[in-house]
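Everything below concerns the one structure shown next.
Sequence positions, counted from 1, serve as the residue numbers for this chain.
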Amino acid sequence: KVRCTQSSPSWLAEKIACDISFEGEDLAALRNMVQGEVSEFSIDSVIQPAAHRRKRLLLADMDSTIVIGETLDELAGVAGLKVQVAAITERAMRGELDFKEALRERVAMLKGLPATALDQTLAITELTSGARQLVQTMRANGAYTVLVSGGFKFFTSAIGKKVGFHEDRSNEMIIENDVLTGAVGDPILDRDAKLESLNSISAAKQIPLKETLTTGDGANDLPMILAAGLGIAFHAKPVVEEKAPAAIRYGDLT
């Protein structure tokens with residue numbers, strides 16, 4: 001049995017996003033019911049318990065989540081290799097390739113590229129709509145925010161500061177004499193490292209997992225999405241959207 005407990009929606013943003021409170025014991029049944037009701041419309045629905053709803057820790061992926069597109073693909077574009085690198089990226093994000101090996105393969109293709117290409121790529125990297133609002137709203141409500149990426153420190157450091165994350169975690173691209181060597185520093189931050197980041201940061205901050213929020217789009221984000229109090233697939237690959245407890249298919253990060 002399901003019963004709505006309010007006479008009208010509580011609008012967070014008029015005609016854009018609203019809260020509707022229900023009473024019901026079976027969360028899965030509620031999700032299925034609501035998703036069935038809105039399936040013919042371009043409407044996102046997130047069904048979650050009212051308890052512990054305000055999250056105190058946010059972990060967000062960077063590429064195709066906080067920023068539009070994949071920074072490594074765009075970097076490869078400077079070398080005229082975007083099509084080749086993007087094809088590998090797509091398969092890795094779908095979970096069809098080992099992430100670590102796919103990362104090493106793509107970076108090896110960029111050997112000899114001048115380090116100035118990183119600055120060129122950063123200059124054309126755009127934030128996803130709502131990225132800064134998401135992070136700043138979380139911070140304003142006392143949450144700790146972390147940008148955690150299988151990408152590279154050059155980008156996460158700059159994007160993290162621009163958006164307002166407390167910290168960023170990512171990989172190191174080896175540069176010598178202002179030229180990319182084609183190597184990646186160890187250890188590589190992959191799906192397991194993202195999950196470990198969630199667990200270690202929540203423990204260090206004494207924040208229960210049920211009070212954490214994670215979001216991302218690729219297969220390497222799935223473990224942290226499944227482990228968090230609320231994990232959201234954001235315009236995600238099919239394998240991620242299928243398994244995540246919540247998904248944003250149409251809206252932005254606001």
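- The nearest pair of heavy atoms linking D63 to G151 is OD2-CA, 4.2 Å.
- With contacts defined as side-chain heavy-atom distances shorter than 4.5 Å, the pair I16/T254 does not qualify.
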Derivation of the side-chain contact (heavy atoms from CB on, under 4.5 Å) call for V148 and M224
CA-CA 10 Å; V148 57; M224 74 171 185; 4.0 Å; yes
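- Scanning both residues, I232 and T215, for their nearest heavy atoms gives O-OG1, 3.0 Å.
- Looking at N177, its side chain never comes within 3.5 Å of a backbone N or O of V179 through a donor-acceptor pair.
- V46 and L253 fall within the same hydrophobic cluster, defined by Ile, Leu, Val, Met, Phe, Trp and Tyr side-chain heavy atoms under 4.5 Å apart, directly or through other members.
- Judged as a ring-ring contact (aromatic ring centres under 6.0 Å, His included), not a single pair has a partner in residues 228-254 (not counting sequence neighbours).
- In this structure, R139 has no salt bridge (charged side-chain N to carboxylate O under 4.0 Å, His left out) partners at least two apart in sequence or on a different chain.
- Evaluation of the side-chain hydrogen bond (donor to acceptor under 3.5 Å, both in side chains) test over residues 85-104, restricted to residues two or more places apart or in two chains, returns D73-T89, T89-R106, E90-R94, R91-E96, E101-R104, R104-D186.
- Checking L122, V163, L147, L127 one by one against V67, the side-chain contact (heavy atoms from CB on, under 4.5 Å) holds for a single residue, L127.
- Inter-residue side-chain proximity for I159 and T125 is flagged as met; some heavy-atom pair is nearer than 4.5 Å.
- With respect to the salt-bridge test (charged N to carboxylate O, under 4.0 angstrom), the residues E196 and K194 do not qualify.
- Applying the salt bridge (Lys or Arg N to Asp or Glu O under 4.0 Å) test to residues at least two apart or on different chains, the pairs with a partner in residues 13-22 are D19-R53.
- Linking Ile, Leu, Val, Met, Phe, Trp and Tyr residues whenever their side-chain heavy atoms come within less than 4.5 Å leaves V239 and L97 in two separate clusters.
- Contacts of K55 classified as salt bridge (charged side-chain N to carboxylate O under 4.0 Å, His left out), with partners at least two apart in sequence or in another chain: none.
- The cluster map of Ile, Leu, Val, Met, Phe, Trp and Tyr, joined by side-chain heavy atoms under 4.5 Å apart, puts M62 and Y144 in different clusters.
- At least one side-chain heavy atom of K243 sits less than 4.5 Å from a side-chain heavy atom of L222.
- Atom CD of residue Q35 and atom CG of residue L30 lie 10.5 Å apart, to the nearest 0.5 angstrom.
- Contact annotation: the side chain of F99 approaches that of I188 to within less than 4.5 Å [non-hydrogen atoms, C-beta and beyond].
- Residues V38 and M33 fall into different hydrophobic clusters, defined by Ile, Leu, Val, Met, Phe, Trp and Tyr side chains chained together at heavy-atom separations under 4.5 Å.
- Listed by chain and number, the residues in a side-chain contact (heavy atoms from CB on, under 4.5 Å) with D119 are F154 (sequence neighbours excluded).
- T181 is linked by a side-chain contact (heavy atoms from CB on, under 4.5 Å) to I174, E176, A183, counting only residues two or more places apart in sequence or in another chain.
- Annotation for E37: atom CD does not count as buried by contact number, only 12 or fewer foreign heavy atoms lying within 6.0 Å.
- Partner F152 forms a side-chain contact (heavy atoms from CB on, under 4.5 Å) with one of T71, L118, L189, V107 and no other, that one being V107.
- T212 contributes atom OG1, which lies 12.0 Å from atom NE2 of H52 (distance to the nearest 0.5 angstrom).
- Under the 4.5 Å side-chain criterion, counting only non-hydrogen atoms from C-beta, I66 is not in contact with D61.
- Note: I248 CD1 to D44 CG = 4.0 Å, rounded to the nearest 0.5 Å.
- To the nearest 0.5 Å, the span separating CG on L58 from OG1 on T214 amounts to 8.5 Å.
- Counting only residues at least two apart or on different chains, the salt bridge (Lys or Arg N to Asp or Glu O under 4.0 Å) pairs with a member in residues 141-154 are K153-D168.
- With values rounded to the nearest 0.5 angstrom, D217 atom CG is found 4.0 Å from T65 atom OG1.
- In this structure, F165 and M138 have side chains that are not in contact, with every pair of non-hydrogen atoms separated by 4.5 Å or more.
- The two residues E241 and A247 make their nearest non-hydrogen contact at CG-CB, 3.9 Å.
- Side-chain atoms of S202 never come within 3.5 Å of backbone atoms of P208 as a donor-acceptor pair (strictly under, hydrogens ignored).
- Between the CG atom of L180 and the CE atom of M109 there is a distance of 13.5 Å, given to the nearest 0.5 Å.
- At least one side-chain heavy atom of T121 sits under 4.5 Å from a side-chain heavy atom of F155.
- Counting heavy atoms from C-beta on, the side chains of S197 and L59 come closer than 4.5 Å.
- Between the side chain of R56 and the backbone N or O of I207 there is no donor-acceptor pair closer than 3.5 Å.
- The two residues A233 and V240 have their closest heavy-atom pair at CB-CG1, 3.9 Å.
- Considering all non-hydrogen atoms of both residues, P245 and G231 come closest at CG-O, 3.4 Å.
- With sequence neighbours left out, D178 forms a salt bridge (charged side-chain N to carboxylate O under 4.0 Å, His left out) with no residue at all.
- Taking each heavy atom of R169 and S200 in turn, the nearest pair found is NH1-OG, 3.8 Å.
- Under the 3.5 Å distance criterion, with hydrogens and angles disregarded, no donor-acceptor pair is assigned to the side chains of S170 and S149.
- With sequence neighbours excluded, no residue forms a salt bridge (charged side-chain N to carboxylate O under 4.0 Å, His left out) with E105.
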Can D221 and K237 be said to form a side-chain contact (heavy atoms from CB on, under 4.5 Å), step by step?
CA-CA 10 Å; D221 299 309; K237 302 299 183 288; over 6 Å; no
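- In terms of modelled atom types and a separation under 3.5 Å, the side chain of H166 and the main chain of T145 share a donor-acceptor contact.
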Can you list, pair by pair, the side-chain donor-acceptor contacts under 3.5 Å of residues 74-83, counting residues two or more places apart and other chains?
residue, atom, partner, partner atom, Å
E74, OE1, K82, NZ, 3.3
E74, OE2, K82, NZ, 2.7

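- D192 pairs by the side-chain contact (heavy atoms from CB on, under 4.5 Å) definition with D190, not counting sequence neighbours.
- Residues L57 and L230 are members of separate hydrophobic clusters, defined by side-chain heavy-atom contacts under 4.5 angstrom among Ile, Leu, Val, Met, Phe, Trp and Tyr.
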